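These figures come from a predicted structure and were not determined experimentally. Just so you know, these numbers use all the heavy atoms, side chains as well, and skip hydrogens, waters and symmetry mates. The sequence lines fix the lettering, A, B, ..., with proteins before strands; numbering per chain opens at 1.
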Number of protein chains: 2
Amino acid sequence: MIKNLKRVLGEDIPEELYELLQQYSFEKSFDKKVLLSEAGADCKYQYFILEGSVYSYYVNEKGDKSVIELAIEEYWITDAASYFTGKPSVANIKTLEPTRALLINREDYDALCCAHPLFDRFFRILMQNALASLHDRILGTISEDAEHRYREFSRLRPYFVQRIPQYLIASYLGIKPQSLSRIRKNLFQK
Amino acid sequence: MIKNLKRVLGEDIPEELYELLQQYSFEKSFDKKVLLSEAGADCKYQYFILEGSVYSYYVNEKGDKSVIELAIEEYWITDAASYFTGKPSVANIKTLEPTRALLINREDYDALCCAHPLFDRFFRILMQNALASLHDRILGTISEDAEHRYREFSRLRPYFVQRIPQYLIASYLGIKPQSLSRIRKNLFQK
DNA sequence: CTGCTTTCTTAACATAGGTGAATCATTTTA
DNA sequence: TAAAATGATTCACCTATGTTAAGAAAGCAG
């Protein structure tokens with residue numbers, strides 16, 4: 001999380017920020033396959049992953065699961081609509097590996113932003129970056145075929161391909177595991 | 001734009017904010033079908049639509065166009081990746097109807113945020129909302145079929161359905177105009 | 001009003017990706 | 001180490017959406 005702060009705000013940050021962060025957040029460790037937040041409930045925290053991996057997924061009326069986000073070290077994850085607005089969440093958030101994360105709840109988040117305006121800035125920029133990367137994802141999803149999306153994903157996130165099971169990557173890309181398997185076979189033959 | 005400010009920060013805002021906004025932004029009017037920003041170039045402005053409608057689209061290697069965003073009054077639009085980071089943009093932004101918008105360029109945006117910390121907050125929250133709504137869109141795109149997406153779109157954005165040509169809505173939903181036509185026929189028969 | 005241009009619809013056919021079921025490989029647990 | 005989960009692959013068949021092409025409607029400019 002300190003890394004995120006420095007990356008966004010620059011290397012020399014007021015000492016004060018660290019203290020405030022300590023005050024308004026806490027670390028927690030989880031086993032693998034632990035449900036951190038459940039659809040229907042209020043998503044209480046945003047999670048900055050320090051170690052391990054986490055994903056969020058949505059289950060539609062038909063019962064199909066779709067991966068919304070994948071997060072490893074230095075990523076953050078939450079159900080934005082729920083966390084930021086207080087609405088019931090539509091996403092489930094679950095650890096994949098044993099995970100250590102920094103948690104901030106909504107009240108502390110607001111307090112943090114009121115305690116020092118640089119937090120408003122930090123999170124603004126964090127959101128801007130997230131927005132830009134979501135735009136890219138939408139773009140891929142609506143304008144490229146599955147093979148293209150998989151190739152891009154592998155290129156941009158090789159670490160994910162190594163650590164995350166294929167059926168979750170398939171789901172993240174909007175296809176079924178069988179289809180990803182078929183696509184990979186195809187790619188290897190070329 | 002004042003409406004956005006009030007919606008996000010509450011009704012009673014320091015007078016100062018209006019003055020700063022005036023200082024660091026300007027209004028401009030455009031005819032319909034005017035290109036505001038072009039792929040490959042630096043996307044210089046973010047646009048708050050005061051009147052009219054605007055959309056952004058991406059053209060992939062094959063030459064297929066895909067609508068990234070649709071914006072009418074009280075929406076804002078830009079190529080986030082380019083505007084926020086300075087990279088060349090991948091999107092084209094074009095007016096659909098004659099449009100009046102408030103423009104903020106990158107330097108003024110930064111200056112605005114430095115001039116008053118409430119702007120950091122305002123834009124943070126703006127980004128959070130955009131993020132939540134993009135998440136919803138991704139969710140729909142990867143986990144629901146086209147008919148479902150169109151029904152949701154019509155339900156959530158009836159104004160768009162009235163004003164925006166169908167072929168752009170189709171593209172926004174990630175399908176071809178012929179498919180949307182087929183889907184609509186199907187829906188009417190039910 | 002007339003003749004463009006833009007948008008929408010329809011239809012026949014093609015294809016990427018989904019479905020369901022079986023098998024194999026790998027990891028976890030007892 | 002055996003048994004049970006879990007994850008990946010393959011295959012035959014199916015379906016939603018894409019493609020190509022044509023014409024109908026609607027909007028607009030002269």
Check whether [X] reaches the backbone of [Y] with its side chain - one donor and one acceptor, N or O, closer than 3.5 Å.
X: B:Thr99; Y: B:Glu97; result: yes
X: B:Ser171; Y: B:Val67; result: yes
X: A:Ser89; Y: A:Ala41; result: yes

Is the B:Phe123 to B:Tyr109 ring centre distance short of 6.0 Å?
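Judged by ring-centre distance (under 6.0 Å), B:Phe123 and B:Tyr109 do meet the cut-off.
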Close aromatic pair by centroid cut-off 6.0 Å: B:Phe153 and B:Tyr172:
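So the answer is yes for these two rings.
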What nucleotide, of [options], holds the atom closest to the side chain of [X]?
X: A:Lys176; options: D:dT10, C:dT19, D:dG18; value: C:dT19
X: A:Lys32; options: C:dT28, C:dA11, C:dG18; value: C:dT28
X: A:Ile175; options: C:dG17, C:dC8, D:dG18; value: C:dG17

Have a look at A:Arg184 and say if it touches a base, only the backbone sugar-phosphate, or nothing, with a 4.0 Å heavy-atom cut-off.
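Result for A:Arg184 = sugar-phosphate.
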Of B:Arg182 and B:Pro165, the one whose closest DNA chain C nucleotide lies more 5'
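Nearest nucleotide further toward 5': that of B:Pro165.
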What is the distance, to the nearest angstrom, from the [atom1] atom on [X] to the [atom2] atom on [N]?
X: B:Arg149; N: D:dT17; atom1: CZ; atom2: P; value: 7 Å
X: B:Ile183; N: C:dT9; atom1: CD1; atom2: P; value: 12 Å
X: B:Leu168; N: C:dT6; atom1: CG; atom2: C1'; value: 12 Å
X: A:Glu147; N: C:dG18; atom1: CD; atom2: C1'; value: 17 Å
X: B:Ile164; N: C:dT6; atom1: CD1; atom2: P; value: 18 Å
X: A:Leu173; N: C:dG18; atom1: CG; atom2: C1'; value: 15 Å
X: A:Lys185; N: C:dG17; atom1: NZ; atom2: C1'; value: 15 Å
X: A:Ile142; N: D:dT17; atom1: CD1; atom2: C1'; value: 15 Å

Just distance, no hydrogens or angles: give the donor-acceptor pairs under 3.5 Å from side chains in residues 72-85 of chain B, sequence neighbours left out.
| unit_1 | atom_1 | unit_2 | atom_2 | d |
| --- | --- | --- | --- | --- |
| B:Glu73 | OE1 | B:Arg163 | NH1 | 2.7 |
| B:Glu73 | OE2 | B:Gly52 | N | 2.8 |
| B:Glu73 | OE2 | B:Arg163 | NH2 | 3.4 |
| B:Glu74 | OE1 | B:Arg7 | NH2 | 2.4 |
| B:Glu74 | OE2 | B:Lys3 | NZ | 3.2 |
| B:Thr78 | OG1 | B:Tyr45 | O | 2.9 |
| B:Asp79 | OD1 | B:Ala81 | N | 3.2 |
| B:Asp79 | OD1 | B:Ser82 | N | 3.1 |
| B:Asp79 | OD2 | B:Val90 | N | 3.1 |
| B:Asp79 | OD2 | B:Ala91 | N | 3.0 |
| B:Ser82 | OG | B:Cys43 | N | 2.8 |
| B:Ser82 | OG | B:Lys87 | O | 2.7 |
| B:Tyr83 | OH | B:Gln46 | OE1 | 3.3 |
| B:Tyr83 | OH | B:Ile104 | O | 3.0 |
| B:Tyr83 | OH | B:Asn105 | O | 3.3 |
| B:Thr85 | OG1 | B:Ala81 | O | 2.3 |
| B:Thr85 | OG1 | B:Lys87 | N | 3.3 |

If you restrict it to nitrogen or oxygen atoms, what contacts under 3.5 Å exist between nucleotides 20-23 of chain C and the protein, and what is each distance?
| unit_1 | atom_1 | unit_2 | atom_2 | d |
| --- | --- | --- | --- | --- |
| C:dG20 | O6 | A:Gln178 | NE2 | 3.3 |

Between B:Ser179 and A:Leu180, who's closer to the 5' end of DNA chain D by nearest nucleotide?
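Final value for this comparison: A:Leu180.
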Tell me whether the OP1 or OP2 atom of C:dT6 has a side-chain N or O from B:Gln166 closer than 4.0 Å.
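For C:dT6, OP1/OP2 do not have a side-chain N/O of B:Gln166 under 4.0 Å.
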Closer than 4.0 Å, any side-chain N/O of A:Lys62 to the OP1 or OP2 of C:dG18?
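No, no such contact exists.
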Within a radius of less than 6.0 Å around CG of B:Asn186, do more than 12 heavy atoms belonging to other residues, nucleotides or ligands occur?
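Count over threshold, so yes.
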